Amino acid sequence: ESGRDALALEDYKKVIALEPAYWYAEESAATVGFRLGLFEEAARRYASVYAKVPERHEYAILASIALLKQGKVKEARELA
């Protein structure tokens, strides 16, 4: 499973590089990164998605959870 996730993450990164405004790919990359334990990358990508679609508050919450997984309590509280 993690092998497929790693390949998917690389594919999402290619899509993001080609079309940075396409936030669906970035959201998917964040989710896969979270599953792989790449919490720093997941937090950064979820926060980026939230900045692109601020009406979707769940991405701020997901970014906060990824920050908490890194022990970054202050940053998580500021984001959420």
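Computed from a prediction, not measured in an experiment: that's the story for all the values here.
Between Trp23 and Tyr59, the angle of the ring planes goes over 60°, which puts this pair in the perpendicular group of the 30/60° scheme.
Both Tyr12 and Leu38 sit in one connected hydrophobic cluster of ILVMFWY residues. Membership requires side-chain heavy atoms under 4.5 Å apart, directly or through other members. Connection of Leu62 to Val73 is not established within any shared hydrophobic cluster, with ILVMFWY side chains joined at heavy-atom distances below 4.5 Å, either directly or through further cluster members. With hydrophobic clusters built from ILVMFWY side chains whose heavy atoms lie under 4.5 angstrom apart, Ile61 shares a cluster with Phe39. Hydrophobic cluster membership is shared by Tyr50 and Tyr46, with clusters built from Ile, Leu, Val, Met, Phe, Trp and Tyr side chains linked at under 4.5 angstrom.
Side chain of Lys69 to main chain of Ala43: no donor-acceptor pair is present (N/O by atom type, distance under 3.5 Å, no hydrogens or angles). Under the 3.5 Å distance criterion, the side-chain polar atoms of Ser64 are matched with a main-chain donor or acceptor of Ala60.
Considering only heavy atoms from C-beta on, Ile65 comes within 4.5 Å of Phe34 through its side chain. Using a 4.5 Å heavy-atom cutoff, the side chains of Glu41 and Leu36 are not in contact.
Across all non-hydrogen atoms, the minimal contact from Pro20 to Lys52 is O-NZ, 2.6 Å. Asp5 approaches Val32 most closely through the heavy-atom pair O-CG1, 3.2 Å.
Residue Glu26 forms a side-chain contact (heavy atoms from CB on, under 4.5 Å) with just one option from Val15, Ile16, Thr31, and that option is Ile16.
One distance of note links CD of Glu78 with CG of Leu67; it measures 9.5 Å at 0.5 Å rounding.
Heavy atoms from other residues, nucleotides or ligands lying under 6.0 Å from CZ of Arg77 number 12 at most. Counting heavy atoms of neighbouring residues, nucleotides and ligands inside a 6.0 Å radius, atom CD of Glu58 exceeds 12 of them.
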